[in-house]
Amino acid sequence: MTRTHTCGELRASDAGKSVVLLGWVNRRRDHGSLIFLDLRDRYGITQVVMDNELSPVAHAKAEHARPEYVVAAIGKVRLRGKDVINPKMATGEIEVVANELRILNDAKVPPFSPAEEAIANEEVRLKYRYLDLRRPEMQRNLEIRHKVALAVREYLSAQGFFEIETPFMTRSTPEGARDYLVPSRVHPGEFYALPQSPQIFKQILMISGMDRYFQIARCFRDEDLRADRQPEFTQIDLEMTFPQQETVFAVVEGFLKAAFEVTGEQIRAPFPRMTYDEAIRRYGIDKPDLRLPAMVDLTSDFTPELRTALKIEQELPVLGFTVPRVGELSGTARKALTSDIRASLGDSALDVLDIARLRTNDTFAGLADKISEKLSDELKVFDERGLASRDLNVVITPKPGVAAQAKDRLWIYKKVGQLRLDLAKRFQDKHSAFEKKGNADDYKFLWVTDFPFFEWDGQTHTWTFAHHPFTSPHEDDLIAGRMESDPEAVRALAYDIVLNGMELGSGSIRIHRQDVQGQIFRALGMSDEEARLRFGFFLDALQYGTPPHGGIALGLDRIIMILTGATSLREVIAFPKTAKAIDLMADAPSQVSEQQLRELHIRPTKA
RNA sequence: GGGGACGUAGUUCAGUUGGUCAGAAUGCUGCCCUGUCACGGCAGAGGUCGCGGGUUCGAGCCCCGUCGUCCCCGCCA
């Protein structure tokens, strides 16, 4: 028996055709001698009618049909009468009159119905993932995922990129996230590691002369999960020879445009660029959400006299920001908000300034006006509407004699930046900046460039890689000798792509010269021997004619999350894991037999 | 590792101050129904209140512990 049509394709123009539909029983409506079955498959839902007078055998079968049974309906397409057309269904103008119904498979009563509007809790959904995936929403999510992957492949292929697979079982490299390890049976006590990314292999492919590589690659990181983080996730990974940063940007902008067209979304490219420094100063974070107005630096408006009068620490920055369209707050609401802000500022190194009260005082009224004006200017840049009395202005000041932590300017910027996001989230129903409006403004892309090359490790009191060890520093900083004189000022040719405050991907131009690589390792206080131990095979490869190269990797799951409007990666991954990295359906991880452990030369220290 | 929310029927949830508090809806089972499409009507079954301990005359409710799910911080070159 062959399916002639799917459950989503029959239309009025098919009336009179003999058809065979195969699918799951979505719902059954029993009117006695007339039974309706809604048949569901990936493509849609079609109503099948069993009439006791026309076909008593089919009708008798339908009496036994239950939700989620798999059935075959054989019959004729019939136009529905005018008064029983269902405009809510794509197939609502017709129905299939069955002259034969076959039950191909019955089904236990499911713990929840894929036809249900209200969805079960996630624990149940994950345990019975096959039922959850029958839901049209999940089918749509995975369809979009498939089509985006396809669009990316087509685009990159047309740009000359080869899709090349790299090993899942490879060597553990000591930097970065915790590895998932795979014990070797043949080599007692030795382990493979699952790749955190194909980083080294893709660089070696450049050394191999593959010129342009990409891969939709699974990556594994044994770190704690978040709504947007899974232990295994998928990256659109690419690398090319002889690139400028701009070359990489153009490729990414190209395939993102193609990817977003899958759901009919238009995006504007090229994307704006911003240095890391500017991102920190204006947004207090390295992944700015441009859907909200930036912070405003009010430091220069607070003269030493004013600071003394208002009990504000000299020198340190004063930062303000606006949350748009919050509306008038009552006195109690304002008080509660202020105390909430104080609470989130925590250790009282920073304080919130009451602008309303400032304005009532003759001494400070001028200052209050100036602050409002500056915040208004920023808001105008943001949406050309300017400051209204119903926007919420927040000004954060450093307290005098504060904890050493707050002396760190970076800490202040980050803290205020966090507050900016927290308050925006709190009032999101009011300003609706996070809602889709159906135009290109829904997607605020941004390239963040010039990341610092080194990062101070407070625990070991050493400089460490901010990116990864093969990221190239700025040529200028090398020539100026800052590697030795001022490591903090060295910029990396590293860049992130950010969308609506979410880090979508990260990449860099790599080091291709051995002398530079050596210089980097020395700056980090790493001996040649140690470097060799950690990255030996790659350092070898570098010596055999390495072309300048660079690339990037973007989180495919996160892109799909944005495109589907999902709030969690689990909604766009067929078989995801829980926050404790458990697969509730397969019940993994699990214990294994003594025999397996013996073969792998492993003895658990804890059962 | 830390903080928070939640856990009651298959499912989604309500359950007041510790004292008819074992409830609703939906699903399920049976019967009835020829135009429904979240069909409708009648009847019925369905519970270790996550688990363990404690307080109390008495615990779904209070306390301690534990397990699970979710969110956040740390972590994620």
Side-chain angles (χ1 to χ4, degrees), chain A residues 26-40 45-54 59 63 66-68 78 80-89 91-95 97 108-128 131-132 173-179 196-197 199-200 219-231 233 344 346 418 421-422 425 451 453-455 457-459 463-471 492 494 503 506-508 520 524 534-535 553 555 567-568 570 576-582 584:
Chain A
N26 197 55
R27 281 205 171 82
R28 168 171 164 276
R29 290 177 294 281
D30 186 346
H31 288 242
S33 47
L34 193 66
I35 296 175
F36 299 99
L37 291 183
D38 289 341
L39 244 58
R40 182 193 69 234
I45 293 175
T46 301
Q47 172 167 287
V48 180
V49 199
M50 268 64 48
D51 190 324
N52 196 27
E53 280 179 16
L54 297 177
H59 178 270
E63 284 189 318
R66 291 291 179 275
E68 303 312 312
R78 178 169 76 187
R80 296 203 200 180
K82 270 208 176 71
D83 43 341
V84 290
I85 284 175
N86 186 343
K88 285 184 285 187
M89 290 173 76
T91 59
E93 285 187 275
I94 56 91
E95 61 194 355
V97 186
K108 286 176 71 175
V109 174
F112 64 93
S113 164
E116 209 62 53
E117 303 282 332
I119 56 175
N121 81 41
E122 221 173 328
E123 209 170 335
V124 182
R125 289 176 57 201
L126 288 175
K127 174 158 186 186
Y128 301 93
L131 297 177
D132 191 37
T173 48
E175 304 300 317
R178 217 170 282 119
D179 283 324
Q196 297 175 24
S197 81
Q199 184 62 37
I200 288 181
C219 306
F220 306 85
R221 293 179 191 175
D222 187 4
E223 295 293 345
D224 288 339
L225 279 63
R226 289 282 190 285
D228 60 353
R229 269 162 36 188
Q230 280 274 311
F233 59 99
S344 78
Q418 186 57 49
L421 288 179
D422 290 346
K425 204 176 271 178
F451 275 77
F453 193 88
F454 296 109
E455 198 168 68
D457 187 329
Q459 286 186 342
W463 291 105
T464 170
F465 311 110
H467 200 58
H468 65 70
F470 312 116
T471 298
E503 183 193 317
S506 186
S508 67
I520 304 291
L524 292 166
R534 289 184 172 194
F535 309 108
T567 52
S568 150
R570 296 182 299 278
K577 295 182 177 55
T578 69
K580 286 240 171 78
I582 286 168
L584 288 175

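Each chain gets a letter, A, B and so on, in the order the sequences are listed, and its residues count up from 1. Predicted model only: the values in this text are computed from it and were never measured. Because only heavy atoms are used, hydrogens play no part in the values below, and waters and symmetry mates are left out as well, while side chains stay in.
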Sugar-phosphate only, base, or nothing, as touched by A:R28 at under 4.0 Å among non-hydrogen atoms: nothing
Between B:rC63 and B:rC73 - C1' atom distance, rounded Å: 28 Å
Touch class at under 4.0 angstrom, heavy-atom based, for A:S197 against every strand present: base
By ring pair (Phe, Tyr, Trp, His ring centres under 6.0 Å) - contacts of A:F451 (at least two apart): A:Y276
With sequence neighbours excluded, residues passing side-chain hydrogen bond (donor to acceptor under 3.5 Å, both in side chains) with A:R28: A:D30
B:rG3 to B:rC49 separation - P atoms, rounded to the nearest Å: 29 Å
Sugar-phosphate, base or nothing in reach of A:R226, heavy atoms under 4.0 Å: base
Base paired to B:rG74 (Watson-Crick or G-U; both N/O distances under 3.5 angstrom): none
Separation of atom CD1 in A:I85 from atom C1' in B:rU36, rounded to whole Å: 14 Å
RNA chain B: 5'-proximal contact among A:K425 and A:K88 (nearest heavy atom): A:K88
Distance, rounded to the nearest Å, where A:K580 contributes NZ and B:rC75 contributes P: 20 Å
Minimum-distance nucleotide (side-chain atoms of A:R570 versus B:rC70, B:rC37, B:rA38): B:rC70
Are any protein N/O atoms closer than 3.5 Å to N/O atoms in nucleotides 11-13 of chain B? If there are, list each pair with its distance.
| residue | atom | partner | partner atom | Å |
| --- | --- | --- | --- | --- |
| B:rU11 | O4' | A:P111 | O | 3.2 |
| B:rU12 | OP1 | A:N121 | N | 2.6 |
| B:rU12 | OP1 | A:N121 | ND2 | 3.0 |

Under the ring pair (Phe, Tyr, Trp, His ring centres under 6.0 Å) test, residues paired with A:F220 that sit two or more places apart: A:F168
Euclidean distance, atom CD1 of residue A:I35 to atom C1' of B:rC37 [Å, nearest integer]: 15 Å
Separation of the P atoms in B:rG53 and B:rC61, to the nearest angstrom: 14 Å
Set of residues satisfying side-chain hydrogen bond (donor to acceptor under 3.5 Å, both in side chains) with respect to A:E68, sequence neighbours excluded: A:R40, A:R134
Footprint string (nucleotides 25-35 of chain B, 5' to 3'): B base within contact, S backbone only, - free, heavy atoms under 4.0 Å: ---SSS--BBB
Nearest-0.5 Å distance that lies between atom CZ in A:R80 and atom OG1 in A:T91: 6.5 Å
Presence of donor-acceptor pair under 3.5 Å, side chain of A:R229 and base of B:rC75: yes
Whole-Å distance separating the CG atom of A:L126 from the C1' atom of B:rU69: 9 Å
Residues which pass ring pair (Phe, Tyr, Trp, His ring centres under 6.0 Å) with A:F112, listed by chain and number, not counting sequence neighbours: none
Opposite nucleotide pairing with B:rU16, Watson-Crick or G-U, both atom distances under 3.5 Å: none
Listed partners of A:R27 passing side chain to side chain contact (heavy atoms under 4.5 Å, CB included), at least two apart: A:R29, A:D38, A:A115
Partners meeting ring pair (Phe, Tyr, Trp, His ring centres under 6.0 Å) with A:H468 (sequence neighbours left out): A:F470
Complement of B:rG44, any strand, by Watson-Crick or G-U distances under 3.5 angstrom: B:rC28
Watson-Crick or G-U wobble mate for B:rU34, both contacts under 3.5 Å: none
Contacts of A:S506 that satisfy side-chain hydrogen bond (donor to acceptor under 3.5 Å, both in side chains) - sequence neighbours left out: A:D496
Heavy-atom closest contact (A:P231 atom, A:K577 atom, distance): CG-CD, 3.8 Å
C1' atoms of B:rC70 and B:rU16, separation to the nearest Å: 28 Å
Between the protein and nucleotides 4-9 of chain B, which nitrogen or oxygen pairs are less than 3.5 angstrom apart?
none

Any strand: nucleotide that pairs with B:rG68 via Watson-Crick or wobble, under 3.5 Å: B:rC6
Stepwise side-chain contact (heavy atoms from CB on, under 4.5 Å) test for A:L225 and A:T578: CA-CA 8 Å; A:L225 279 63; A:T578 69; over 6 Å; no
P atoms of B:rG41 and B:rG58, separation to the nearest Å: 46 Å
A:R229 with A:E223: basic N within carboxylate O range, under 4.0 Å: no
Spacing of A:E223 atom CD relative to B:rG1 atom P, expressed in whole Å: 13 Å
Those residues that, when tested against A:Q418, pass side-chain hydrogen bond (donor to acceptor under 3.5 Å, both in side chains) (two or more places apart): A:D422
Whole-Å P distance, B:rC32 and B:rU69: 46 Å
Identified pairing partner of B:rC39, criterion: Watson-Crick or G-U wobble below 3.5 Å: none
